[in-house]
Amino acid sequence: MKIPAVKGTRDFYPPQMAVRNFIVEGWKAASRRSGFEEYDGPIFEYLSMYQIKSGEEIVEQLFSLTDRGGRQLAIRPEMTPTLARMVNQQIHTLPRPIKWFSVPRLCRAERPQKGRLREFFQWNLDIVGAEDVLADAEVIFCAVDYLRSTGLTAQDIVVRLSSRRLLAALLKEAGASEEQLAAIYGVLDKKAKVPAEAFEAMLQEAVPSDQMRGRILQVMNSRSLDELEPKTSEGREAMEELRRLFALLDLMGIGEYAQFDIGVVRGLAYYTGVVYEIYDRGASLRAICGGGRYDNLLRDFGGPAVSATGMGMGDCVLEILLREKGLLKDENLPTRRLDYYVVFAGEQWASEVVRLAAQIRLAGWACDFSYKGGNLGKQLKQADQSGAERAVLLGQEYTAGKLVVKEMKSGRQEEVSREDFLASLKRV
RNA sequence: GUGGAAGUAGCUCAGCUGGUUAGAGCAUCAGAUUGUGGUUCUGAGGGUCGAGGGUUCGAAUCCCUUCUUCCACCCCA
């Protein structure tokens with residue numbers, strides 16, 4: 001009885017694993033370039049942790065379980081609650097700003113579709129304890145730095161930026177109450193995703209007043225920051241903050257990637273300031289990356305009111321985009337890398353192959369050999385298929401203490417003494 | 001949760017309106033080749049046709065159920 005893989009999961013055979021490693025290693029390298037430290041947590045947490053800031057619908061999309069002690073647990077669907085929990089536990093001893101990154105494996109019980117599976121990897125970058133918009137700029141810079149390193153240019157992708165804080169101020173100026181904001185955010189988040197008529201119907205339901213709705217639509221139709229004129233001091237401050245963010249991104253040399261877009265709201269309730277999403281300019285895919293400032297989250301998780309900002313980038317959409325752009329060539333990604341492949345010409349050297357291969361490995365080099373043996377031609381064929389840089393050949397000259405080292409790519413080979421060869425392994 | 005399309009060898013697919021023992025290419029393994037690899041040639045293994053049930057003398061083919069995949073919704077932390 002063959003058992004199939006579970007719905008929405010992937011098996012990573014060596015070629016797929018090479019792709020995954022290519023992506024994950026790129027994420028990690030970019031994180032380290034910007035001075036982030038890596039952390040991780042458990043793959044399951046208390047179910048209640050995800051109920052703090054999420055509605056029933058979110059909880060339905062969790063993989064949950066009850067352990068033998070009756071604890072209600074859930075496999076992590078996102079990393080931020082774990083981050084908040086971990087940071088809160090050591091908030092008084094960790095030097096700030098806390099710049100952390102992680103590449104957790106996450107699970108969500110959603111219906112799989114293009115760019116979305118039930119199990120995936122997500123790069124998380126967060127900065128805790130820095131209120132200044134410079135921290136937001138750094139997170140965005142790091143994400144763009146990674147995307148640039150894959151070969152994506154400002155012609156391929158765009159960071160759509162806005163500010164919840166600014167939007168809240170403008171909505172209040174238009175007459176919205178604090179209680180109405182969440183509902184209005186929910187509708188505005190749909191603006192680019194549903195037909196215009198459906199959007200207006202939804203907005204009409206959330207905002208019955210024609211006058212107020214007109215003002216909101218005027219705000220939403222703004223194409224640039226200059227068209228907006230906040231009248232309250234809160235609005236002007238939020239505006240200044242956003243302008244400073246754009247100036248910082250220019251200073252960092254990635255200004256051409258950034259674009260103001262009042263329509264970026266993000267569905268999530270916990271964002272309090274700058275929010276952004278990264279899209280491919282072709283716009284055929286869902287967002288590659290999303291993030292923003294969440295100044296209340298640590299407090300909501302029982303800690304002190306420490307500000308934070310962060311972003312998440314999933315592997316599924318990214319992989320599709322890289323493939324579409326021809327930036328992911330599977331055949332160029334090796335599943336292994338060998339420095340040496342030891343072969344013999346003559347059965348009497350078969351056990352010497354094992355001894356020599358072990359010595360090469362103990363000296364710190366990647367080395368393999370054939371179990372099957374066979375004639376020299378067959379063994380070299382295997383050496384070739386293994387992708388080894390060099391073949392080491394044991395034959396008649398070995399009786400005189402010599403062996404042949406062959407460069408597989410060029411075919412050049414030279415005879416060296418066993419001692420010289422072993423000595424050469426110690427260099428580097 | 002809703003709707004559409006599809007499941008035949010490890011992969012890509014043939015298999016006409018039901019009819020002998022279900023095929024091909026690639027891949028794998030073995031041999032041609034006992035001191036020199038990417039070529040070529042020969043051969044082999046591998047499928048209860050996604051699973052279960054039904055119709056029929058007879059089902060990969062028709063019907064039902066279910067699972068999985070892909071796509072579009074809902075949602076998207």
Side-chain angles (χ1 to χ4, degrees), chain A residues 1-11 13-15 45 49-62 74-84 104 106-118 120 122 124 186 189-190 193-195 198 265-271 275 277 284-287 289-292 294 297 310-314 316-317 320 341 343-350 370 372-398 403-413 415:
Chain A
M1 173 95 187
K2 277 187 191 165
I3 297 171
V6 173
K7 183 194 193 82
T9 65
R10 289 170 289 180
D11 289 329
Y13 288 89
E45 296 271 4
M49 200 165 85
Y50 300 110
Q51 293 169 323
I52 290 177
K53 66 180 180 80
S54 317
E56 276 305 306
E57 226 165 281
I58 298 285
V59 172
E60 277 171 25
Q61 292 185 338
L62 290 175
I75 300 175
R76 61 187 179 193
E78 59 170 325
M79 199 56 178
T80 309
T82 300
L83 171 82
L106 306 177
C107 293
R108 300 175 185 174
E110 297 176 294
R111 190 93 171 236
Q113 56 190 276
K114 189 174 188 183
R116 191 167 78 182
L117 295 169
R118 287 183 157 194
F120 57 95
Q122 188 188 62
N124 278 251
D189 188 49
K190 295 281 179 293
K193 299 164 188 169
V194 300
V265 180
R266 308 280 296 151
L268 199 59
Y270 64 59
Y271 287 112
V275 285
E277 290 174 342
S284 57
L285 301 169
R286 60 184 68 238
C289 164
Y294 49 96
L297 194 68
M311 73 95 202
M313 182 186 297
C316 301
V317 174
I320 294 169
Y341 198 96
V343 301
F344 62 80
E347 283 293 334
Q348 64 269 42
W349 313 118
S370 170
K372 292 182 294 200
N375 63 46
L376 187 59
K378 284 216 153 62
Q379 291 188 60
L380 281 170
K381 190 170 181 172
Q382 290 173 68
D384 182 46
Q385 286 172 342
S386 77
E389 293 280 319
R390 290 168 287 273
V392 178
L393 200 161
L394 303 189
Q396 282 171 340
E397 49 293 274
Y398 200 65
L403 37 77
V404 172
V405 178
K406 180 183 176 94
E407 292 283 339
M408 293 304 285
K409 205 173 267 176
S410 63
R412 267 200 307 267
Q413 60 185 56
E415 199 175 286

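Chain A is the first sequence line, chain B the second, and so forth, proteins listed ahead of strands; every chain is numbered from 1. Scope of the values below: all heavy atoms of this structure, side chains included, with no hydrogens, waters or symmetry mates. Everything quoted here is computed from the prediction, not taken from an experiment.
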Enquirer: I'd like to know whether A/S370 forms a side-chain hydrogen bond (donor to acceptor under 3.5 Å, both in side chains) with A/Q379, so could you lay out the CA-CA distance, the side-chain angles of the two residues, the decisive distance to 0.1 Å, and finally the verdict.
Expert: CA-CA 7 Å; A/S370 170; A/Q379 291 188 60; 5.4 Å; no
Enquirer: Listing time: all N or O pairs from protein to nucleotides 1-8 of chain B that are below 3.5 Å?
Expert:
from : atom 1 : to     : atom 2 : distance (Å)
B/U2 : O4     : A/R111 : NH1    : 2.8

Enquirer: Quick one: is A/K381 getting a side-chain N or O under 4.0 Å of the B/U40 phosphate, OP1 or OP2?
Expert: no
Enquirer: Tell me which nucleotide, if any, is Watson-Crick or G-U wobble paired with B/G38 when both distances must be under 3.5 Å.
Expert: none
Enquirer: Heavy atoms only, 4.0 Å cut-off, all strands: where does A/Q413 land among base, sugar-phosphate and nothing?
Expert: base
Enquirer: Under 3.5 Å, which donor-acceptor pairs do the side chains of residues 384-397 of chain A form with other protein atoms, sequence neighbours left out?
Expert:
from   : atom 1 : to     : atom 2 : distance (Å)
A/S386 : OG     : A/A383 : O      : 2.7
A/S386 : OG     : A/A388 : N      : 3.3
A/E397 : OE2    : A/G395 : N      : 3.3

Enquirer: Can a side chain N or O of A/K114 be found less than 4.0 Å away from OP1 or OP2 on B/C71?
Expert: no
Enquirer: Taking the side chain as C-beta and beyond, is there a heavy-atom pair between A/R108 and A/E78 under 4.5 Å?
Expert: yes
Enquirer: If you only use heavy atoms from C-beta on, which nucleotide in B/A77, B/U33, B/G35 is closest to the side chain of A/N375?
Expert: B/U33
Enquirer: Return the nearest nucleotide to the side chain of A/P112; candidates are B/A77, B/C70, B/C76.
Expert: B/C70
Enquirer: Quantified in whole Å, what is the C1' atom distance between nucleotide B/G52 and nucleotide B/A60?
Expert: 16 Å
Enquirer: Contact class for A/L393 vs. all strands (heavy atom < 4.0 Å): base, sugar-phosphate, or nothing?
Expert: base
Enquirer: Closest to the A/Y270 side chain: B/C76, B/A72, B/A77?
Expert: B/A77
Enquirer: Taking salt bridge (Lys or Arg N to Asp or Glu O under 4.0 Å) as the criterion, tell me which of A/R118, A/R116, A/K7 meets it with A/E110.
Expert: A/R116
Enquirer: Would you mind classifying the nucleic acid contact of A/Q379 as base, sugar-phosphate or nothing, using non-hydrogen atoms under 4.0 angstrom?
Expert: nothing
Enquirer: Classify the nucleic acid contact of A/M408 as base, sugar-phosphate or nothing, counting any heavy atom under 4.0 Å across all strands shown.
Expert: base
Enquirer: When you measure only distances, ignoring hydrogens and angles, does the side chain of A/E397 come within 3.5 Å of the base of B/G35 through a donor and an acceptor?
Expert: yes
